[in-house]
Amino acid sequence: MLKRLKTLLAATALSLTAALPAAAQDDRPDLTVAVNNLPGSLESIEEMGNVAVRISYSMFDSLIRRDFLADGSGTASKLVPGLAESWERIDDRTLELKLREGVTFHDGSELTSDDVVFSFNAGRGHGYDPLIGAAKRFMLTVSHIEPVDKYTMRVVSKEPDVLLEQRLAGYAFWVVENKSYMTMGKDAFARNPVGTGPYKMDEWVDGEYIRLVSHDDYFGGKPTAKSVTFVQVPEVSARIAGLVSGEYDIAVNIPPDQIPVIEGYDDLKVEQIVLDNTHMLVFFNDGPTAHKEVRQALSLAIDRDLLREALWGGKNYTPNGHQLPSYVMYIEDYPAFDYNPEKARQILAECDCYNGEEIIYKLPLNYYLLSLEAAQAMQQMWREVGLNVTLQPVENWSQVNDPDQTVNIRPWSNTHRLPDPTGSFVPQWGKESWVQKNKEDASRSWQAPAAFNALQDTITTSTDWDERKAAYREALDIWTDEAPGTMLYNPLETYALRKDIGWKPYGLYYMDLRPYNLTFGDAPNN
């Protein structure tokens, strides 16, 4: 009897499903993205590196949104409403914002000013001893948030901040649902975050994939994909093979030499952009690289033009100083990084501070594209000026940062999160940076001149653009002379995808999958 009843119920359910009108069935595609790596956390201010923000950007929203496609470039800085429908300056330290009403989080709760106040809470990200210290360098100007009413709040900076609006549109200022966070706790929330973005968490299998599903009530319109799965595929060849077979729809981090392979298929295409991100080297203030002259020689020996041509087909560039042409106060006449092997030899000969000691360059594999190839080329360049550099590729960052292991050079990348030095130069090399406060081994920290940090304070707090620009130039001079690190180039980021997918990349590592930037078939942005 029970068996017959189960059979009848199953048949009834099947017939009801078949009877549903076509409009009620969800025929949106499931999108699969092959990525080189997956993050360990999706707490929006805990992990803000490249592999995390490509996922979290579609899970969270900011009060103000940066419209990267305003001029079609993917690097534009135009500000448009996000979760806030409007904003106005009350004074040079205070910005009042009005939230959109009726915006819902992934759990169905309504967005209010309480959520914004919690998200920007000093104890969470920017206070004396915050829960997540990584955010402090991006929220360093924020004093506090004042709720005005259910949908209105004021963001107050410690000092006048000319970049406050841009800051609120960038890293560390994504809004989270405060009740879920408080109930679950930080670690659980990091695995199952609750935001307002177009996609929400569905399943996470470590080392394999993270699957998001559509947040159908998204205030920006119903998402165009039913789900998005980010699959970890470390090998480039496997990402390409999966794309060709139809297993993946988009593949990231495609090397330049593989572009002709992709373009050889009628149903595939590439989307490219030179990133607002610079591949760097950090020279630790320890061992041979404790000497400024050795650090200067390491930088002078690098033929960046050759690296760009050999590795990137000459399609990218090296900034002239720690800046980008898109900066509001771009210093166009600032000198480019010098390639001068003869000067490098001369510095080493005159300083009497280096006698061929081994210099260890430790780098994790699969950190950024072509990093090992660049390291091998630079090793030869360094050898030609008398620098004895040994490469030590390792599997992960814990091996790079191990205080019990010798390391003098490590790779890094600096993302220019705002079109201003406060978006990269200040947070990543200033007094709150890990470069100056190396928690694994204090002896590796850069002992920056006091003048350098004072100039960075001026850059951060001054409202006089001429004063800011003069301080910036002087700080760049000190940084170049001290050489705690150096810039290599801004990489060309290439995505391979099906031709019927309409999607554009951004200069930052965000993969924006909102309805205006993700279409299928014959939709407009194809």
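Count residues from 1 along the sequence.
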| message | Restricting to ring-ring contact (aromatic ring centres under 6.0 Å, His included), what partner residues turn up for Y495, sequence neighbours left out? | response | W503

Might you point out which heavy atoms bring [X] and [Y] nearest each other, and give the distance in Å?
| X | Y | value |
| --- | --- | --- |
| V252 | R239 | O-NE, 3.0 Å |
| M201 | L212 | CA-CD2, 3.9 Å |
| Y199 | A225 | OH-N, 3.2 Å |

Establish, from distance only, whether the side-chain atoms of [X] and [Y] form a donor-acceptor pair under 3.5 Å.
| X | Y | answer |
| --- | --- | --- |
| E358 | N408 | no |
| R304 | T486 | yes |
| N396 | Y367 | no |
| E47 | S41 | no |
| Q346 | E342 | no |

Would you find a donor on one side and an acceptor on the other, under 3.5 Å apart, between the side chain of [X] and the backbone of [Y]?
| X | Y | answer |
| --- | --- | --- |
| Y334 | L476 | yes |
| Q447 | S445 | yes |
| S424 | P421 | no |

| message | Take a 6.0 Å sphere around NZ of K78 and say whether it holds more than 12 heavy atoms from other residues, nucleotides or ligands. | response |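 Open: at most 12 neighbouring heavy atoms sit under 6.0 Å from NZ of K78.
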
| In terms of side-chain geometry, is the basic nitrogen of R295 or D481 positioned less than 4.0 Å from the acidic oxygen of its partner? |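 A salt bridge is absent here (no side-chain N lies under 4.0 Å from a carboxylate O).
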
| Between Y327 and H416, is the ring centre distance below 6.0 Å? | yes

